A.B. asks: 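Can you read through this structure? Questions will come right after.
In this text, all values refer to a predicted model and were calculated from it rather than measured experimentally. The basis for the numbers below is simple: all heavy atoms, side chains too, and nothing from hydrogens, waters or symmetry mates. Every chain is numbered from 1, with letters handed out A, B, ... down the list of sequences.
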2 protein chains.
Amino acid sequence: MADQHSTLRARRRAQTQRMIQGHAVRLFAERGYDATTVNDVAEAAGVSPMTVYRHFPTKEDLVLVDQRGELVAERIAASPVEQLLARRIGDALVDAAAALTGDDDGRAFLLTRLRLMVSTPALRARHLDNQYALQQAIIDALGADTADPEAAFRAEAAAGACLSALHTALVRWAQDDGRGELPGLVTKALTAVFGQEVFGGEGVSGEATASR
Amino acid sequence: MADQHSTLRARRRAQTQRMIQGHAVRLFAERGYDATTVNDVAEAAGVSPMTVYRHFPTKEDLVLVDQRGELVAERIAASPVEQLLARRIGDALVDAAAALTGDDDGRAFLLTRLRLMVSTPALRARHLDNQYALQQAIIDALGADTADPEAAFRAEAAAGACLSALHTALVRWAQDDGRGELPGLVTKALTAVFGQEVFGGEGVSGEATASR
DNA sequence: ACCTTCTTGGTAGTCACTATCAGTACGGTA
DNA sequence: TACCGTACTGATAGTGACTACCAAGAAGGT
């Protein structure tokens with residue numbers, strides 16, 4: 001068994017996944033999330049309800065996970081999290097936003113999903129929770145001293161504010177139907193919170209690293 | 001029918017509500033949230049499952065709503081929201097935190113509920129969503145110009161950061177078993193995000209009011 | 001060709017939650 | 001005190017998300 005026994009099996013799996021999610025998001029946007037059952041999705045996709053659950057553990061995942069199988073929150077932090085120690089959180093999030101809107105083909109699909117996330121309580125709640133989990137991951141990646149609770153607390157507050165700004169930018173971008181530039185919106189939101197000086201010399205992560 | 005046909009009927013209703021919630025939170029803390037069914041709660045409380053659903057629309061509400069029948073997020077903003085226009089958000093949140101921990105009798109109960117909210121994904125997600133709804137309410141209360149999208153955007157980002165700081169303080173307070181002072185933690189979190197100058201002359205709401 | 005592994009479908013069940021109907025106790029009124 | 005509308009409660013049946021458990025067919029390497 002090779003490290004990637006992928007060639008055909010994994011490709012078919014990914015294709016089925018995209019197909020199911022495509023039908024799901026379309027139906028959700030047409031009829032509404034609550035008014036659409038998983039059975040409806042399965043029927044539209046031409047598979048059994050079991051298959052839907054095998055690819056997407058919960059109904060919410062049909063909207064929340066990316067076509068790469070990642071949650072939106074995870075993808076936002078995919079590249080930057082490893083660079084957080086070396087770079088400032090703010091710039092990293094701006095880059096992540098740029099990467100998110102990079103591929104033009106999936107832009108409309110992403111917009112539809114974001115609109116569902118904002119308007120549907122269950123989806124919105126789970127998305128916010130994913131962002132919160134991301135906040136914890138960022139703090140862990142920052143390696144905030146567990147020895148100094150004060151520094152860890154400040155780092156947590158700063159990271160939370162960063163992700164809150166990111167969410168604000170995401171919502172506004174979706175409300176604008178993706179016409180604006182998402183990275184620019186993230187920058188605006190971050191400066192609105194932290195002030196202009198964040199994007200100069202001292203970074204946001206300075207709050208946490210200053211104590212070490 | 002008096003404005004308050006309360007005297008006995010409403011009192012009994014509130015009492016039943018507290019009784020059911022007391023059994024629910026106790027069982028959730030003992031056996032775990034997911035491992036406890038609504039039927040278990042009903043049986044422990046000596047009522048029918050129907051009655052539980054009549055008092056608490058969802059299972060999550062058994063933990064999230066206050067003994068006054070309000071969500072934690074709602075109670076946090078109960079008094080300050082009306083004063084947000086006149087006062088700074090930061091100080092208002094600090095006061096709200098003080099009011100939240102005011103009554104010593106319900107302190108242990110509140111702590112148990114907060115621990116459940118932090119540790120149980122479904123509860124955590126709904127609590128975060130409630131805070132997000134609160135953020136929208138604050139923005140509405142601030143009366144941010146719909147005419148000036150830039151100002152509204154900055155106000156939204158600032159309010160989101162404030163509530164994120166509040167949440168960080170709440171979690172830390174619960175982790176400390178309520179030994180620390182919640183208002184002090186809120187102040188710390190806010191200063192960690194906005195810097196020291198926030199608690200001097202210019203308020204957080206200055207971001208929004210500056211444009212009017 | 002053989003065997004393992006992955007993928008899919010079917011069945012039955014649990015649990016959260018809703019709708020509907022009926023009985024009962026409370027509160028104010030005549 | 002007798003009466004009536006209004007709440008509160010309970011039982012039944014149903015929907016829908018989700019989870020075992022089991023069986024069949026296809027993919028891939030030997």
A.B. asks: In whole Å, what is the span from the CE atom of A/Met50 to the P atom of D/dT19?
C.D. replies: 9 Å

A.B. asks: What is the separation between atom CD on B/Gln15 and atom P on D/dC8, rounded to the nearest whole Å?
C.D. replies: 14 Å

A.B. asks: If you check the B/Tyr53 side chain, which of D/dA17, D/dG10, C/dT18 turns out closest?
C.D. replies: C/dT18

A.B. asks: For the side chain of B/Thr51, starting at C-beta, report the closest nucleotide among C/dT7, D/dG10, C/dC17.
C.D. replies: D/dG10

A.B. asks: A/Lys59 has a side chain; which of C/dT11, D/dC18, D/dT9 sits nearest to it?
C.D. replies: D/dC18

A.B. asks: In whole Å, I'd like the distance from the CG atom of B/Leu62 to the P atom of C/dC17.
C.D. replies: 9 Å

A.B. asks: Nearest to the side chain of B/Thr16 - C/dA16, D/dT9, D/dG10?
C.D. replies: D/dT9

A.B. asks: Does B/Gly160 offer a backbone N or O that forms a donor-acceptor pair with the side chain of B/Ser164 under 3.5 Å?
C.D. replies: no

A.B. asks: Can you tell me the distance, in whole Å, between the CD atom of A/Glu43 and the P atom of C/dG10?
C.D. replies: 12 Å

A.B. asks: Can you tell me the distance, in whole Å, between the CG atom of B/Asp34 and the P atom of D/dT19?
C.D. replies: 11 Å

A.B. asks: Hey, does the side chain of B/His55 come within less than 4.0 Å of D/dC8's phosphate (OP1/OP2), counting only N and O?
C.D. replies: no

A.B. asks: Look at the side chain of A/Arg107 and the backbone N and O of A/Gly178, then say whether any donor-acceptor pair between them is shorter than 3.5 Å.
C.D. replies: yes

A.B. asks: Restricting to non-hydrogen atoms, name the atom on A/Ala158 and the atom on B/Val193 that form the minimum distance, rounded to 0.1 Å.
C.D. replies: N-CG2, 4.3 Å

A.B. asks: Round to a whole Å and report the spacing from CZ of A/Arg11 to P of D/dA27.
C.D. replies: 14 Å

A.B. asks: Using the six-membered ring wherever Trp is involved, compare the ring planes of B/Tyr132 and A/His167 and label them parallel, tilted or perpendicular (cut-offs 30° and 60°).
C.D. replies: perpendicular

A.B. asks: Can you check the A/Phe56 CZ to C/dT8 P distance for me, whole Å?
C.D. replies: 11 Å

A.B. asks: Output the single nucleotide from C/dT8, D/dC21, D/dA11 whose closest atom is nearest the side chain of A/Arg54.
C.D. replies: C/dT8

A.B. asks: Using a cut-off of 4.0 Å on non-hydrogen atoms, how would the nucleic acid contact of A/Pro49 be classed: base, sugar-phosphate, or nothing?
C.D. replies: nothing

A.B. asks: If you check every side-chain atom of A/Thr58, which of C/dC17, C/dC15, D/dC18 has the closest atom?
C.D. replies: D/dC18

A.B. asks: Figure out the CZ/P separation between A/Phe28 and D/dG16, and round it to whole Å.
C.D. replies: 13 Å

A.B. asks: Taking atom types as modelled and ignoring hydrogens, do the side chains of A/His127 and A/Arg124 form a donor-acceptor contact shorter than 3.5 angstrom?
C.D. replies: no

